[in-house]
Amino acid sequence: MKLYTPHELEPRWQRVWADTDQDAVREDGSKPKKYVLEMFPYPSGDIHMGHVSNYTYGDVIARFSRMKGFDVLHPMGWDAFGLPAENAAIKHKSHPAKWTYANIATQQASFQRMGFSYDWDRKVVACDPEYYRWGQWIFLKFWERGLVERRNSPVNWCPSCATVLANEQVIEGRCWRCDSEVEKRDLTQWYFKITDYAQELLDDLDQLQGWPDRVKQQQANWIGRSEGANVDFVLEGTDEVITVFTTRADTLFGCSFFVLAPEYKDLPKMVAGLPQEKEVLEFAEAAKKVSAVERAQGNREKHGVFTGRYVINPINNEKVPVWVADYVVADYGTGAVMAVPCGDQRDFEFARKYDLPIIPIILTDDDPLFEKLNDEKSRVVTTVDWECAMEAEGTLVQSGEFTGLVGGKHSPGEDAVVKFLEDSGRGHRTVEFRLRDWLISRQRYWGNPIPAIHCPECGVVPVPEEDLPVRLPEDIDLAAGETLATHEGFAKCTCPKCGGEARRETDTMDTFTCSSWYYLRYTDPHNETAPFASDKANRWMPVDQYIGGIEHAILHLLYSRFFTKVLRDMGLLDFDEPFTNLLCQGMVLDSKGEVMSKSKGNVVSPEDMIAEYGADAVRAAMLFMGPPDKEKLWNEDGLAGIYKFLNRLWRIVYDLVGKAEDKTLYDPEAAADEAHANAMAMKRERHRVVGKVTADVERNNFNTALAAIMELANTTAAFLRLKPAEHRVNCETGGPLCRDVAETIVKLMAPIVPHWSEELWHDALDHEDSVHDQPWPEFDPELAKADEVELAVQVNGKVKAKIMVAADAEEDAIREAALAAVSNALTGKEPRKVIVVKGRLVNIVA
RNA sequence: GGGAGCGUGGCGGAAUUGGCAGACGCAGCGGACUUAAAAUCCGCCUCUUCGGAAUGUGGGUUCGAGUCCCACCGCUCCUACCA
């Protein structure tokens with residue numbers, strides 16, 4: 001018997017697999033396809049435990065799927081553009097590509113040491129011109145379809161990264177990458193009109209049965225559809241209309257003031273020449289300067305000033321004062337709101353602070369005011385003695401012809417008021433989304449250049465398709481502060497339309513544009529005439545199992561869904577959604593449950609673990625730690641335990657085929673009936689465990705799958721070492737059964753510990769081919785059933801006895817046996833009811 | 001403030017549609033083997049006044065609840081003045 005030596009056998013098998021193209025995609029064509037994909041990594045440096053967990057899950061699923069008879073696509077690549085490479089280049093006075101490709105080489109070597117079965121021929125690297133040219137091509141196609149827009153508006157600016165950010169990349173007012181406070185700036189930027197797809201992105205979440213609910217919920221919240229109405233107010237003394245969006249048109253009678261965002265574009269015009277002008281403009285300026293971090297803090301104190309102007313409430317022609325206040329968001333709705341302090345907590349707080357009227361127009365029926373106001377013919381403006389606004393559903397009062405109707409969101413009262421507004425031409429139903437267009441331009445070098453040219457004659461002109469890719473210049477000195485905009489060789493160009501002197505667009509695209517379609521490129525990675533061939537993409541897509549971190553619940557997953565839908569509308573794809581099943585893995589934390597970080601000094605290096613225990617043990621330990629979607633507390637003791645288990649199972653396999661050095665286990669002459677009975681029990685366990693492992697792996701419950709294999713190991717070991725020796729099951733008495741169990745164990749372990757299994761497959765089991773090309777073990781549910789089963793006998797729900805009955809025993813027989821077993825506890829009382837649950841228990845109600 | 005989720009031994013975690021709570025493992029304890037240690041093998045391992053009690057707390061539905069319903073407590077994640 002060989003000893004288990006991971007450090008020798010793992011590299012040896014990795015070389016064999018590489019030499020034989022073991023992991024290459026085999027497109028048999030007769031088999032069903034399975035596309036298993038893990039989110040591609042950013043090449044930040046060495047791999048960490050998060051990579052190990054993410055990619056181990058994917059590798060187990062890919063290997064299992066191959067054995068189950070699928071053609072499997074399981075590729076890997078790198079999300080290689082981004083700021084860290086640029087920062088490293090500045091620090092080391094070198095080029096971002098150097099740092100990036102060095103890290104890719106390091107990570108790829110680690111992945112190979114982990115035994116991940118990627119088809120390396122399909123490697124996609126996002127900063128490779130052969131890849132990014134097609135990102136530019138897609139950009140041009142989006143442009144043709146009217147999905148690209150350049151516009152000036154307030155944007156998020158990260159001063160530390162010196163670039164703008166998309167809304168999705170601002171987390172609590174801070175940059176997603178460097179955590180700096182984000183500022184607002186008015187800039188002209190490039191946008192993808194993702195809002196054109198807002199409704200479909202929301203609706204199609206229903207198609208995603210294989211996604212975790214919380215991810216769908218997060219996307220739905222982010223898209224934020226809200227049904228309401230636009231209501232037109234007329235600025236007093238003019239014909240100008242200021243429109244507001246509201247979901248509570250039913251409360252229009254309670255509108256006692258009107259509020260504009262500080263950024264409201266017509267504000268300076270509105271206050272021009274008024275005594276309030278100076279104060280208003282100063283206030284607006286100050287409000288704009290408040291940082292996003294401060295804005296993000298909940299329950300901020302609200303501030304505002306009166307503008308000196310009034311608007312006319314369209315429902316009752318009342319004059320209401322116009323304020324400007326910092327609690328109104330400029331880019332949602334119209335940047336103006338009607339304030340109803342009675343029905344909205346924010347308006348309520350503002351009204352209290354500035355002593356504005358709070359008109360009660362909606363009440364619960366048990367409110368003491370109800371009787372009084374419900375009768376009131378004339379309108380009463382009251383400052384009610386409430387502590388907070390009445391945001392719940394209630395009955396409308398003092399609301400003209402609408403008095404008495406039920407008010408609230410989507411209420412009959414709201415319906416009636418909107419109908420009135422529509423009939424009188426003062427408003428209409430509409431839907432607002434929280435989702436904003438995706439700001440994709442970045443003022444950075446290390447990204448995909450936006451293929452556009454600014455011509456003084458022709459304006460903004462797309463780069464012609466045949467001129468792609470627009471290549472990043474390699475001779476750039478970032479450390480000296482050079483940028484694409486100052487790099488004359490790059491920026492100076494001629495206009496493709498008129499041939500005159502022009503300037504190239506020097507912004508690059510958000511790195512999330514690269515990751516929004518890479519999964520399509522894997523289906524056809526070497527295509528030189530298109531990003532991918534439709535037939536290949538349609539053959540492999542959608543991804544059957546996608547695996548990655550929850551941190552992409554909105555960002556990457558939303559953008560990829562958007563890209564897929566646009567490419568579908570271009571006729572390139574024939575499906576609606578890119579990822580059928582999504583597994584969001586939980587974080588790997590240290591043994592105390594804390595995030596691993598360099599500053600805390602608690603980072604566990606996968607390479608150290610591989611060096612000590614081997615990759616197989618690291619893989620198995622990761623899988624055994626818990627369900628993939630939960631947080632995992634990394635514990636080296638667990639890894640050591642798994643390493644011992646692999647050793648133990650290794651010996652059991654050799655024992656089963658009679659290759660262990662200890663040959664004194666049994667005496668064939670003395671083989672008794674007992675040995676046969678034990679062999680049958682072992683066979684039963686083999687079938688039960690194969691059934692359980694198969695079901696568990698299919699549900700991604702890798703921890704319980706491994707636990708079931710441990711159970712099989714335990715029973716097998718017990719039968720092999722049973723005393724007296726003549727009762728043992730072994731290669732002599734058990735014959736073919738022992739060999740079957742040995743092969744079954746090795747095959748069940750193959751997706752989890754690929755090197756260990758391959759070695760045993762060859763050395764212990766004497767096979768020439770690869771274990772990874774074997775079909776997954778079959779099992780017979782009939783053979784997994786025991787002849788006799790133990791049932792619990794409960795009296796009033798408490799277990800009082802256990803009985804053994806034949807597995808196919810009739811209910812009457814079971815009842816009789818159960819009653820006999822607990823006759824003492826019943827003390828002669830007649831049971832009122834007996835419930836028999838076959839195979840589980842009997843409950844006697846006394 | 002809004003949304004989602006989670007609370008099970010010393011620890012990680014098990015428990016198909018409600019059906020014997022604690023599978024499997026870690027740590028710990030005891031034993032065998034050994035001159036000894038490591039490794040390996042075997043056993044014990046929620047509490048208990050031995051009646052029982054126990055899945056965060058209190059209630060409910062049910063023959064039966066970790067699982068379903070209601071309220072509360074605690075924790076985590078997401079989001080944030082979205083009108």
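Hydrogens, waters and symmetry mates are skipped; everything else that's a heavy atom, side chains included, is used. We name chains A, B, ... by the order of the sequence lines, and we start the count at 1 in each one.
- Taking atom CH2 on A:W211 and atom C1' on B:rA4, their separation rounds to 16 Å, with Å as the unit.
- Remark: C1' of B:rC11 and CD of A:E594 are 16 Å apart, rounded to the nearest angstrom.
- Heavy atoms of A:V337 sit under 4.0 angstrom from at least one base atom.
- Within the 4.5 Å cutoff, side-chain heavy atoms of A:Y327 are placed close to those of A:D347.
- Each of A:N156, A:V182, A:L555, A:L439 was scored for a side-chain contact (heavy atoms from CB on, under 4.5 Å) with A:Q169, with one residue passing: A:L555.
- Aromatic pair A:F350/A:F257: ring centres closer than 6.0 Å.
- For the pair A:L557/A:V215, a side-chain contact is recorded, criterion being any heavy-atom separation below 4.5 Å from C-beta on.
- Distance A:L841 CG to B:rA15 P: 19 Å, rounded to the nearest Å.
- Using a 4.0 Å heavy-atom criterion, one finds that A:N221 contacts the sugar-phosphate atoms exclusively.
- A:E432 comes within 4.0 angstrom of no nucleic acid atom, judged by non-hydrogen atoms across all strands.
- Using cut-offs of 30° and 60° on the angle between ring planes, the pair A:Y559 and A:W438 is parallel.
- Ring geometry for A:H552 against A:H556 counts as perpendicular: the plane angle is over 60°, on a 0 to 90° scale with 30° as the lower cut.
- If you find the closest nucleotide of RNA chain B to A:G797 and to A:Q794, the one lying nearer the 5' end belongs to A:Q794.
- One finds no salt bridge joining A:E711 and A:K692 here, because no Lys/Arg side-chain nitrogen approaches an Asp/Glu carboxylate oxygen to under 4.0 Å.
- Remark: C1' of B:rC82 and CZ of A:R346 are 7 Å apart, rounded to the nearest angstrom.
- Along RNA chain B, the nucleotide nearest A:R214 and the nucleotide nearest A:F245 are compared for position; the residue whose nucleotide lies closer to the 5' end is A:R214.
- Judged by distance alone, with hydrogens and angles left aside, A:R225 brings no side-chain donor or acceptor close enough to the base of B:rC82 to form a pair under 3.5 Å.
- Among the nucleotides B:rA83, B:rG19, B:rG13, the one closest to any side-chain atom of A:P627 is B:rG13.
- Annotated as anti: B:rG74, whose O4'-C1'-N torsion sits more than 90° from 0.
- Using a cutoff of 4.0 Å between basic side-chain nitrogens and carboxylate oxygens, A:E391 and A:R346 are not scored as salt-bridged.
- Of the N and O atoms on the side chains of A:E636 and A:Y613, at least one donor lies less than 3.5 Å from an acceptor on the other residue.
- RNA chain B forms stems at B:1-7 with B:73-79, B:10-12 with B:24-26, B:28-32 with B:40-44, B:56-60 with B:68-72, each a run of 3 or more consecutive Watson-Crick or G-U wobble pairs whose two key distances fall under 3.5 Å.
- In this structure, a donor-acceptor pair under 3.5 Å is absent between the side chains of A:N701 and A:D696.
- For B:rC6, its base never sits under 3.5 Å from the side chain of A:K630 at any donor and acceptor pair.
- Within the 4.0 angstrom heavy-atom criterion, only backbone atoms of the sugar-phosphate kind lie near A:K409; the bases stay farther away.
- Side chains of A:N635 and A:S591: a donor-acceptor N/O pair is absent below 3.5 angstrom, by distance only.
- Because its glycosidic torsion is within 90° of 0, B:rG51 is reported here as syn.
- Atom pair A:M587:CE and B:rU76:C1' shows a separation of 12 Å (rounding to whole Å applied).
- Between the side chain of A:K302 and the base of B:rC81 there is at least one donor-acceptor pair of N/O atoms closer than 3.5 Å.
- Dashed line: the shortest gap from a side-chain N or O of A:Y327 to OP1 or OP2 of B:rA83 is not under 4.0 Å.
- Regarding A:E263, its CD atom lies at a distance of 13 Å from the C1' atom of B:rC81, rounded to whole Å.
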List every contact pair, protein side and nucleotides 22-26 of chain B side both N or O, where the distance is under 3.5 Å.
from   : atom 1 : to     : atom 2 : distance (Å)
B:rA23 : O2'    : A:E711 : OE2    : 3.4
B:rG25 : OP1    : A:N714 : ND2    : 3.3

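- Atom pair A:I814:CD1 and B:rC20:P shows a separation of 15 Å (rounding to whole Å applied).
- Comparing B:rA80, B:rU16, B:rA53 by their closest approach to the side chain of A:K798 singles out B:rA53.
- Taking atom CD on A:Q217 and atom P on B:rG2, their separation rounds to 15 Å, with Å as the unit.
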